[in-house]
Engineer: 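The structure is given below, and queries will be raised subsequently.
To find a chain, count down the sequence lines: A is the first, B the second, and so on, and within it residues start at 1. Worth knowing before you read on, the calculation uses all heavy atoms, side chains too, and leaves out hydrogens, waters and symmetry mates.
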Number of protein chains: 2
Amino acid sequence: MNFCSECGQPVSVEVPAGDNRPRHVCHACETIHYSNPNIIAGCLPVYQEEYILLCKRAIEPRIGYWTLPAGFMENNESVEQAALRETFEEACASVTISKLYTLTSIVHVNQVQMLYLAELTSPEYAASEESLEVELFHINEIPWDQLAFQTIHNALRFYIEDKKNGKFPLHTVLLDTVPGEYIRETHA
Amino acid sequence: MNFCSECGQPVSVEVPAGDNRPRHVCHACETIHYSNPNIIAGCLPVYQEEYILLCKRAIEPRIGYWTLPAGFMENNESVEQAALRETFEEACASVTISKLYTLTSIVHVNQVQMLYLAELTSPEYAASEESLEVELFHINEIPWDQLAFQTIHNALRFYIEDKKNGKFPLHTVLLDTVPGEYIRETHA
Ligand SMILES: [Zn+2]
Ligand SMILES: [Zn+2]
């Protein structure tokens, strides 16, 4: 941010009175501009318990790699509505949400990703503007070395582990700058 | 938003190519400016199972009304870290998080509130710059008519109901424009 989005004058970076963090401050109109994490909402769509719907990304980043349907939550919708919308937009699939399954704070990019466990009741899906291919993968045939993101890897691994116990608790994860590493904050 | 925060030129509101929602677009530097929901993180601090720590707000909105410690999640922290930080800033209290307890999409203000069930292990707390008073209330003496927000009302009611069953599932709520009303999206 270089200019005030309200009045167009240059902003400076400083700690406002009563605050303890640097913000973008406009002295022309006295607006303080805050920057906060964004929410990524999506689904882990399961078909007949052993098949998972993955999308091959048609857009950067990680074009050509497989992911779960997920994207930025928009204004004027709930987290669940965002997850369902993204699943429809990326996989042309209508799913039924069963529960919030992963909550990942991706600290180094200021994102919070929430993935819902969801059921695909009939095998209807298709590629879209955002996905080159959409495919059901058996849990024994996940393309582990072609996954787009660490969060997707984690979610799939959680599902396969949890399936053995028949319990699917919420997994809270803190992902930091070290690629491939993650800290599980709590066991729910 | 009236001006581009990157280049300072006026922005226009239009649907960008490949998108389906109006955005603030700058034609001078070709930046698309997105606006997305913000996360409010906080705690429901419980002491000896029957006492809840509430804060009397020292700042607008709803100054003088009682609330749970919560506030905007900042960049470079996890949701849990934000909840703990806000509890320390507003109530000078250190708590132990047990689990994510409420997830409320407050659609009309583009906020997602996440409250954690937490334990206050010793009755140490104090007023702060953000709280006029901080007090432990027995669950039979909650000041229901002096609560700051519907989300706080909901969380306290969930706790009191759930305590009877000894189970504290995640409560997912969609709060819309009608004051006092809420839709519980899922029972977990
Ligand atoms: Zn300004
Ligand atoms: Zn611009």
Engineer: Looking at N2(A) and C7(B), would you say the former's side chain and the latter's main chain have a donor-acceptor pair under 3.5 Å?
Structural biologist: no
Engineer: Please check this pair: side chain of N36(B) against backbone of E74(A), looking for a donor-acceptor N/O pair closer than 3.5 Å.
Structural biologist: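 No, the answer is negative, given that no donor and acceptor are paired below the 3.5 Å cut-off.
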Engineer: Please examine the side chains of K99(A) and L170(B), heavy atoms only from C-beta on, and report whether any two atoms are closer than 4.5 Å.
Structural biologist: no
Engineer: Chain B heavy atoms under 4.5 Å from E130(A): which part of the residue, side chain, backbone, both or neither?
Structural biologist: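 Looking at E130(A), nothing touches chain B.
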Engineer: Under a 4.5 Å heavy-atom cutoff, which of G18(A), P10(A), P37(A), C4(A) has the most pairs with chain B?
Structural biologist: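 The residue among G18(A), P10(A), P37(A), C4(A) with the greatest pair count is P37(A).
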Engineer: With distance as the sole test, does N110(A) use its side chain to make a donor-acceptor pair with the main-chain N or O of N76(B) at under 3.5 Å?
Structural biologist: yes
Engineer: Any sub-3.5 Å donor-acceptor pair from S78(A)'s side-chain atoms to S105(B)'s backbone N or O?
Structural biologist: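 No.
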Engineer: Please state whether the side chain, the backbone, both or neither of I106(B) comes within less than 4.5 Å of a heavy atom of chain A.
Structural biologist: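 For I106(B), there is no contact with chain A at all, as no heavy atom is under 4.5 Å.
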Engineer: For the candidates E6(A), H24(A), Q9(A), R21(A), which exhibits the highest count of non-hydrogen atom pairs separated by less than 4.5 Å from chain B?
Structural biologist: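 Among E6(A), H24(A), Q9(A), R21(A), the one with the most close pairs to chain B is R21(A).
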Engineer: Does some side-chain heavy atom of V107(B) sit less than 4.5 Å from a side-chain heavy atom of E77(A)?
Structural biologist: no
Engineer: Closest heavy-atom contact between N75(A) and S35(B)?
Structural biologist: ND2-OG, 3.1 Å
Engineer: Counting C-beta onward and ignoring hydrogens, is there a side-chain heavy-atom pair between V79(B) and T172(A) closer than 4.5 Å?
Structural biologist: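 Sidechains of T172(A) and V79(B): no contact.
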